[in-house]
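Only heavy atoms go into these numbers, but all of them, side chains included; no hydrogens, no water, no symmetry mates. Chain letters run A, B, ... following the sequence lines, proteins first, then strands; residues in each count from 1.
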Amino acid sequence: MSDVRVRFAPSPTGFLHIGGVRTALFNWLFARQRQGVFILRIEDTDQSRSTDESIQAILAGMKWVGLDWDEGPFRQTERMDLYRSYAMKLFETGHAYWCVCKAEELEARRKEAEAKGLSPRYDGRCRNLRIASPPGDAALRFKAPQTGQTMIDDLIKGTVVFDNTVLDDLIILRSNGYPTYNFSVVIDDALMGITHVVRGDDHLTNMPRQIPIFEALGFAVPRFGHLPMILGADKTRLSKRHGATSIMAYKDMGYLPNAMVNYLVRLGWSHGDQELFSRQELIEKFSWDHVQKSAAVFNPDKLLWTNAEYIKASPPRQVAQALVPLLEQAGLRKEVEAVSDEWLAQLVVLVKERAKTLVDMVEWVRPYFGQIVTVDEEAARKFLTPTIIPALNKLIVRFEALPAYSKSEWENSFKQLVEEEGMKMGQLAQPVRVALTGRTASPGLFEVMEVLGRDRTLFRLQKGLERASTG
RNA sequence: GUCCCCAUCGUCUAGCCUGGCCUAGGACAUUGCCCUUUCAAGGCAGUAACACGGGUUCAAAUCCCGUUGGGGACACCA
């Protein structure tokens with residue numbers, strides 16, 4: 001048992017994206033390694049941007065990659081009373097004050113400051129007004145320290161120091177009564193007993209705004225860890241224009257969740273030269289010491305390779321299970337229902353070295369469903385020609401003489417015929433391949449026959465022969 | 001503009017803290033060869049990096065300073 005308590009706190013303003021998953025993953029790994037608690041918290045205090053669909057998408061994404069949480073999901077909008085009471089506590093203890101500046105005025109002043117090349121900070125004009133009974137549309141501001149320094153020993157970045165002179169008084173309660181992020185985060189992290197706040201390093205500059213709030217309220221300050229960003233190929237922050245950023249898009253593209261996790265964890269973390277890790281190994285080997293400090297470029301090629309490795313190494317039945325929904329989407333529902341799980345697993349074994357994604361795999365696997373195979377026209381024109389008729393005929397006769405399919409027997413029979421006819425292996429193999437699979441590229445011929453079974457093999461060879469005769 | 005963070009092959013990274021073992025290792029991608037009934041997979045080999053400039057030291061990828069470059073933050077967004 002340990003007292004580690006960490007959290008993943010996304011805001012529900014869109015889908016669960018790649019960067020979010022990686023942040024969640026590092027938190028989850030740390031919690032599992034230390035037998036701590038992983039909490040899921042939904043930060044939905046911006047009522048204009050938060051949606052229920054987003055919450056569902058986040059939960060679905062977390063489940064897909066197998067990041068289970070121990071507490072939550074909590075929603076900040078269900079904790080409003082808490083934020084308000086702590087905000088009032090800050091007011092009563094003199095750590096906060098009412099601000100009657102209008103949003104539009106603040107906006108205008110900020111723009112003005114920017115135009116002059118100054119820091120767009122709040123000038124603190126309401127700080128000493130001592131407004132005791134504010135109008136309904138006042139906001140509450142926290143009195144930030146104006147001298148000294150705020151520092152942390154970051155899990156990843158090491159010592160980070162800010163001069164408090166750069167701070168301004170941030171709003172903690174909006175005029176509509178809703179708390180702002182920097183405030184609700186502190187209250188929740190404190191109340192939920194979070195021991196390690198691990199988040200993206202775009203939050204690093206929020207740290208000096210949050211720590212004084214912890215202190216003003218007498219809360220213990222947690223440890224922080226700021227993860228580097230994930231960048232697109234152009235080295236700017238990963239966004240829609242870099243292609244898919246939603247984790248679920250990768251499910252649709254045929255990626256395995258474990259492959260996603262493996263790729264993402266290696267983006268910014270390493271364990272010597274090792275590239276592939278089981279979930280258990282990840283939990284055992286994870287360490288903050290080996291988390292990179294600098295941003296990483298998302299590399300789709302390497303993700304694809306990782307996925308291919310997982311397709312090859314995962315239990316075939318498990319891959320088959322993940323493949324079924326895609327097969328059904330591809331219009332093979334009836335065909336899939338007609339076959340056994342074992343046979344599907346066999347099919348996976350047949351093609352797993354060729355498919356880099358499940359979507360790829362659907363195409364590789366398609367010829368093995370149904371009695372008849374759709375033959376590629378160009379392939380037929382090239383290989384199912386009259387010249388192949390005699391050899392194909394003899395092959396069928398020989399195969400028919402063999403009562404049951406046996407890989408070695410059929411292969412020997414095939415090779416013997418090739419030799420007797422004075423052909424090259426490929427001269428007979430390619431026409432047979434086209435007859436059997438409809439294509440010029442396929443897995444090994446005799447593995448294909450095994451999956452097809454004796455009857456369908458014979459049937460398709462016969463069809464191929466007819467095709468060669470009619471042209 | 002101000003503040004913060006960062007800097008090893010095209011990309012992900014090992015090495016850096018605790019200088020010599022670094023002629024800088026691995027992986028992806030890429031090129032060539034091998035294997036081969038096709039396509040893959042696999043095997044072998046190759047190209048490719050310490051951002052720059054100063055220090056410190058017998059010795060610097062490693063420690064220090066500066067420069068440059070990149071990223072992030074400066075909201076009644078999170």
Practice task
Would you indicate what A/Lys111 reaches in the nucleic acid, counting non-hydrogen atoms under 4.0 angstrom: base, sugar-phosphate, or nothing?
Solution key: nothing

Handout entry: Touch class at under 4.0 angstrom, heavy-atom based, for A/Val351 against every strand present
Key = nothing

Practice task
Hunt down the Watson-Crick or G-U wobble partner of B/rU47, both distances under 3.5 Å, from any strand shown, or write none.
Solution key: none

Handout entry: Touch class at under 4.0 angstrom, heavy-atom based, for A/Gln76 against every strand present
Key = nothing

Practice task
Remember a base hit wins even if backbone is also touched, and classify A/Ser48 as base, sugar-phosphate or nothing at under 4.0 Å, heavy atoms.
Solution key: nothing

Practice task
Taking only the side-chain heavy atoms of A/Arg237 (C-beta and beyond), determine which of B/rU37, B/rC74, B/rG72 contains the nearest atom.
Solution key: B/rG72

Handout entry: Nearest-angstrom distance, C1' atom, B/rA49 to B/rC16
Key = 16 Å

Handout entry: Side-chain donor/acceptor of A/Tyr263 to backbone N/O of A/Asn299, under 3.5 Å
Key = yes

Problem - A/Arg433 vs B/rU37: side-chain N/O to OP1/OP2 distance below 4.0 Å - result: no

Exercise for the section: Would you indicate what A/Ser11 reaches in the nucleic acid, counting non-hydrogen atoms under 4.0 angstrom: base, sugar-phosphate, or nothing? Expected result: sugar-phosphate

Handout entry: Residue A/Glu378 excluded, over 12 heavy atoms near CD under 6.0 Å
Key = no

Problem - Whole-angstrom distance between B/rG71 and B/rU8, as gauged at atom P - result: 14 Å

Practice task
Indicate yes or no: at least one non-hydrogen side-chain atom of A/Leu191 is less than 4.5 angstrom from one of A/Arg79.
Solution key: yes

Practice task
Could you check whether A/Ile171 gets within reach of a base, just the sugar-phosphate, or nothing at all, counting any heavy atom under 4.0 Å?
Solution key: base

Exercise for the section: For A/Pro443, report the nucleic acid contact type (base, sugar-phosphate, nothing); a contact means any heavy atom under 4.0 Å. Expected result: base

Exercise for the section: Quote, to the nearest angstrom, the C1' distance that separates B/rC50 from B/rC63. Expected result: 15 Å

Practice task
Give, for atom NE2 of A/His226 and atom OG1 of A/Thr205, the distance between the pair rounded to the nearest 0.5 Å.
Solution key: 8.5 Å

Problem - Side-chain N,O (A/Ser270) to OP1/OP2 (B/rC12) below 4.0 Å - result: no

Fill in the blank from the handout: Quick note, A/Arg141 side chain, CB onward, closest among B/rG26, B/rC5, B/rC76 is B/rC76

Exercise for the section: Check every strand shown and say whether A/His290 touches a base, only sugar-phosphate, or nothing at a heavy-atom separation below 4.0 Å. Expected result: sugar-phosphate

Exercise for the section: Classify the nucleic acid contact of A/Cys101 as base, sugar-phosphate or nothing, counting any heavy atom under 4.0 Å across all strands shown. Expected result: base

Handout entry: A/Glu377/A/Arg467 salt bridge by N-O under 4.0 Å criterion
Key = yes

Practice task
Please measure how far the C1' atom in B/rA61 lies from the corresponding atom in B/rC22, and state the result in whole Å.
Solution key: 9 Å

Practice task
Using only side-chain N and O atoms of A/Lys302, determine if any of them is under 4.0 Å from OP1 or OP2 of B/rU13.
Solution key: no

Exercise for the section: Would you classify A/Glu43 as touching base, sugar-phosphate or nothing, given that sugar-phosphate means primed atoms plus P, OP1 and OP2, and contacts are heavy atoms under 4.0 Å? Expected result: sugar-phosphate

Practice task
Report which part of the nucleic acid A/Asp168 touches: base, sugar-phosphate, or nothing (heavy-atom distance under 4.0 Å, all strands).
Solution key: nothing

Fill in the blank from the handout: In short, side-chain hydrogen bond (donor to acceptor under 3.5 Å, both in side chains) pairs touching residues 286-295 of chain A with sequence neighbours left out are none

Exercise for the section: Evaluate whether atom CD of A/Glu419 has more than 12 neighbouring non-hydrogen atoms of other residues, nucleotides or ligands under 6.0 angstrom away. Expected result: no

Practice task
Scan residues 176-187 of chain A against RNA chain B and write down, sorted by residue number, each residue with any heavy atom closer than 4.0 Å; if none is found, say none.
Solution key: A/Thr180, A/Tyr181, A/Asn182

Handout entry: C1' spacing across the pair B/rA27 / B/rU18, given as an integer number of angstrom
Key = 28 Å

Exercise for the section: Compare the minimum distances between each of B/rA78, B/rC76, B/rC74 and the side chain of A/Thr45, then state the nucleotide with the smallest one. Expected result: B/rA78

Exercise for the section: Tell me whether the OP1 or OP2 atom of B/rA78 has a side-chain N or O from A/Arg41 closer than 4.0 Å. Expected result: no

Handout entry: Integer angstrom distance from the C1' of B/rG25 to that of B/rG15
Key = 8 Å

Handout entry: Touch class at under 4.0 angstrom, heavy-atom based, for A/Leu267 against every strand present
Key = sugar-phosphate

Problem - Pairwise P distance, B/rU62 and B/rU56 [rounded to whole Å] - result: 15 Å

Problem - A/Arg110 vs B/rC76: side-chain N/O to OP1/OP2 distance below 4.0 Å - result: yes

Practice task
Please determine if a side-chain N or O atom of A/Lys312 lies less than 4.0 Å away from the OP1 or OP2 oxygen of B/rA40.
Solution key: no

Exercise for the section: Identify whether any heavy atom of A/Gln292 sits under 4.0 Å from a base atom; if not, whether one sits that close to sugar-phosphate; answer base, sugar-phosphate or nothing. Expected result: sugar-phosphate

